[in-house]
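The next block holds one structure in the form of structure tokens; read it before the comments.
Keep in mind the model is a prediction, meaning the values are calculated, not measured. Quick note on labels: first sequence line is chain A, next is B, and so on, each numbered from 1.
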Amino acid sequence: DAGVIQSPRHEVTEMGQEVTLRCKPISGHNSLFWYRQTMMRGLELLIYFNNNVPIDDSGMPEDRFSAKMPNASFSTLKIQPSEPRDSAVYFCASSRSGASYNEQFFGPGTRLTVL
Amino acid sequence: ILNVEQSPQSLHVQEGDSTNFTCSFPSSNFYALHWYRWETAKSPEALFVMTLNGDEKKKGRISATLNTKEGYSYLYIKGSQPEDSATYLCAESGGGADGLTFGKGTHLIIQP
């Protein structure tokens with residue numbers, strides 16, 4: 001089975017531009033999580049969805065960040081406008097809610113650089 | 001303890017030696033403790049999930065214990081090998097579909 005798929009793997013953009021990160025969870029998983037990895041703060045939860053519904057977005061840093069999950073097999077994380085401090089690795093993870101004590105499976109991440 | 005904390009931050013170990021490191025977490029409203037292994041340029045890979053006080057899990061040369069009353073977990077590696085070099089993350093989860101709260105990890109380097 002394919003794991004969690006993220007695209008792009010690398011993104012370099014200029015300050016002020018819109019950035020869209022994409023995630024396809026593992027088929028059959030109904031919970032999806034977006035995390036951000038930085039040197040200073042480690043891995044932080046940004047937002048998670050259960051059955052395509054956003055449950056907790058308290059980790060989203062600012063209004064410039066938004067996330068959607070239009071269906072069970074696709075989610076986007078958008079940053080508009082982007083700033084240099086948004087540079088980080090963004091991970092998507094999925095789990096089968098209620099199974100294995102919520103073991104989460106991570107995608108390969110998107111390394112974002114905002115110049 | 002308000003956050004998930006790991007120590008040490010980094011660790012150099014000679015090949016063949018055994019080692020261990022610590023994860024501390026808030027013991028109130030505890031649901032589960034997760035250990036992940038994270039190699040550079042790869043995605044975090046789940047090692048263990050533990051929920052009960054006194055739980056012990058083992059996978060090959062790696063094992064983990066859990067004390068929910070005092071809020072800590074230990075990860076042990078027996079007979080370290082170069083391929084064990086990675087960052088080891090622990091994370092606490094709430095019930096249902098809650099996201100994970102991660103520690104900053106222990107960066108382990110095995111020296112041949």
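Neither the backbone nor the side chain of A:Glu44 comes within contact range of chain B; no heavy atom of the residue lies under 4.5 Å from a heavy atom of that chain. If you measure heavy-atom distances from A:Arg41 to chain B, the contacts under 4.5 Å come from the backbone alone.
Put simply, B:Leu66 and B:Leu47 are part of the same group of oily side chains (I, L, V, M, F, W, Y) that touch within less than 4.5 Å, one to the next. In the hydrophobic clustering of ILVMFWY residues, with side-chain heavy atoms under 4.5 Å counting as a link, A:Phe65 and A:Met15 come out together. Residues A:Phe91 and A:Ile55 are members of one and the same hydrophobic cluster, defined by side-chain heavy-atom contacts under 4.5 angstrom among Ile, Leu, Val, Met, Phe, Trp and Tyr. Linking Ile, Leu, Val, Met, Phe, Trp and Tyr residues whenever their side-chain heavy atoms come within less than 4.5 Å leaves A:Ile79 and A:Phe74 in two separate clusters. One hydrophobic cluster holds both B:Leu108 and B:Ile62 under the rule that ILVMFWY side chains link at heavy-atom gaps under 4.5 Å.
The two residues A:Leu45 and B:Gly99 come nearest to each other via the heavy atoms CD2-CA, 3.5 Å. When every heavy atom of B:Ala46 is checked against every heavy atom of A:Glu103, the shortest pair comes out as CB-OE2, 3.3 Å. Residue B:Ser43 comes nearest to A:Gly107 through the heavy atom pair CB-O, 2.8 Å, listed as atom of the first residue, atom of the second, then distance.
With hydrogens and angles ignored, the 3.5 Å screen pairs a side-chain donor or acceptor of A:Tyr35 with a backbone N or O of B:Leu100. The backbone N or O of A:Met39 sits nowhere less than 3.5 Å from a side-chain atom of B:Lys104 that would complete a donor-acceptor pair.
Here the side chains of B:Trp38 and A:Phe106 are not in contact, with every heavy-atom distance at 4.5 Å or above.
No more than 12 heavy atoms of other residues, nucleotides or ligands shown are found within 6.0 angstrom of CD on B:Gln9.
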